[in-house]
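Written below as structure tokens is the structure these notes are about.
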Amino acid sequence: NIITSTSTLFCGANVNLPPPDELTDNCLGVTYTTSPASGSYFSAGTTTVIYTATDASGNVKTDTMTVTVVDNVPPIIGCGNVTLNTLPGVCYNDVNTLSYVSFSDNCSAVSITANPTTLRIYAGETFAVEYKAIDASGNQSTCNGSVTVIDTEKPTIKCISYITEF
């Protein structure tokens, strides 16, 4: 039996199968094949490989082994420092930090968490955010970023339109 890892780009691996431990016959001319063939792409998980021995007289015998491909590649996660404007008319922004992270994985869906996830940030404040990505195999990656809110809204001013003096 063979145990190997997935590649960093794909959810499987090309596996070269070993020859059988024993391949003999009472007469000359025995050959073997495998299904799937040696060098084939094996998806993550366990696959049964059938070895078939055939002698010169057409007699056939089979045996099996397993190839297990394990996903131990962590997800790729990207985050950074984000600067946002205050919301119109107020001095803060209500932020969902999950909107500012990217991720991918070679095999499966990824669960993303952020700490904190939602928060109200007032102008001039910066909050650190820790992101964590976990794939279906339990592999994980973390990333640290921050969210800063700035006030870019112009103040309002209105002069008295006219003054009458007597």
Side-chain angles (χ1 to χ4, degrees), residues 1-85 87 93-121 125-149:
N1 296 329
I2 297 173
I3 299 174
T4 190
S5 297
T6 60
S7 73
T8 56
L9 299 176
F10 301 103
C11 191
N14 290 84
V15 178
N16 292 317
L17 301 170
D21 289 339
E22 181 181 335
L23 183 64
T24 60
D25 191 50
N26 61 334
C27 297
L28 295 176
V30 64
T31 60
Y32 79 95
T33 59
T34 63
S35 178
S38 183
S40 293
Y41 180 83
F42 289 77
S43 296
T46 301
T47 303
T48 299
V49 177
I50 300 171
Y51 281 74
T52 302
T54 307
D55 68 14
S57 299
N59 299 308
V60 175
K61 174 80 179 197
T62 62
D63 198 3
T64 61
M65 67 173 288
T66 59
V67 172
T68 302
V69 180
V70 179
D71 174 21
N72 57 13
V73 178
I76 297 169
I77 186 170
C79 66
N81 301 322
V82 177
T83 300
L84 302 172
N85 295 330
L87 296 172
N93 194 323
D94 291 323
V95 179
N96 179 345
T97 58
L98 290 173
S99 300
Y100 305 101
V101 63
S102 61
F103 52 90
S104 64
D105 190 60
N106 65 328
C107 279
S108 61
V110 176
S111 170
I112 294 289
T113 59
N115 184 22
T117 302
T118 58
L119 63 158
R120 177 169 283 179
I121 303 176
E125 292 183 330
T126 298
F127 280 86
V129 182
E130 180 184 58
Y131 297 95
K132 185 183 287 186
I134 303 173
D135 69 15
S137 297
N139 304 307
Q140 61 183 354
S141 298
T142 59
C143 182
N144 293 304
S146 67
V147 179
T148 301
V149 171

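Side chains are part of it too, since the values below use all heavy atoms of this structure and drop only hydrogens, waters and symmetry mates.
- Counting heavy atoms from C-beta on, the side chains of S35 and V49 never come closer than 4.5 Å.
- How far CD1 of I112 is from CD1 of I134: 8.5 Å, rounded to the nearest 0.5 Å.
- Under 3.5 Å, the side chains of N106 and T6 contain a donor-acceptor pair of N or O atoms.
- A 4.5 Å side-chain heavy-atom check between Y131 and F103 finds every atom pair outside the cut-off.
- At least one donor-acceptor pair closer than 3.5 Å links the side chain of N14 to the backbone N or O of G39.
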Step-by-step side chain to side chain contact (heavy atoms under 4.5 Å, CB included) determination, T118 to D94:
CA-CA 7 Å; T118 58; D94 291 323; over 6 Å; no
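- The shortest distance between side-chain heavy atoms of V129 and Y100 does not fall below 4.5 Å.
- For the atom pair CG of L87 and CZ of R120, the computed distance is 8.5 Å after rounding to the nearest 0.5 Å.
- Rounding to the nearest 0.5 Å gives a distance of 11.5 Å between CG of D63 and CG of L23.
- Between the side chains of D135 and S108, no donor N or O sits under 3.5 Å from an acceptor N or O.
- Here the straight-line distance linking atom CG of N93 with atom CG of L84 works out to 5.5 Å at 0.5 Å rounding.
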Tabulate below the donor-acceptor pairs under 3.5 Å that side-chain atoms of residues 68-82 make, not counting sequence neighbours, or state none.
from, atom 1, to, atom 2, distance (Å)
T68, OG1, T46, OG1, 3.2
D71, OD1, V73, N, 3.1
D71, OD2, S137, OG, 3.4
N72, ND2, S5, OG, 3.0
N81, OD1, S146, N, 3.2
N81, OD1, S146, OG, 2.8

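- At least one donor-acceptor pair under 3.5 Å links the side chain of T34 to the backbone N or O of P36.
- With a 4.5 Å cut-off on side-chain heavy atoms, T52 and V60 count as touching.
- Put simply, the side chain of T54 does not reach to within 4.5 Å of the side chain of V30, judged on heavy atoms.
- To the nearest 0.5 angstrom, T142 atom OG1 is 5.5 Å from E130 atom CD.
- Using modelled atom types, one side-chain atom of Y41 and one backbone atom of G12 make a donor-acceptor pair closer than 3.5 Å.
- For the atom pair CD1 (I121) and OG1 (T126), the distance works out to 7.5 Å, reported to the nearest 0.5 Å.
- Between T66 and I2 the shortest side-chain heavy-atom distance does not fall below 4.5 Å.
- The two residues T97 and P116 come nearest to each other via the heavy atoms OG1-O, 2.7 Å.
- Here the closest heavy-atom approach between residue P18 and residue Y51 is recorded as O-OH, 2.7 Å.
- Surrounding CZ of F127 are more than 12 heavy atoms belonging to other residues, nucleotides or ligands, all under 6.0 Å away.
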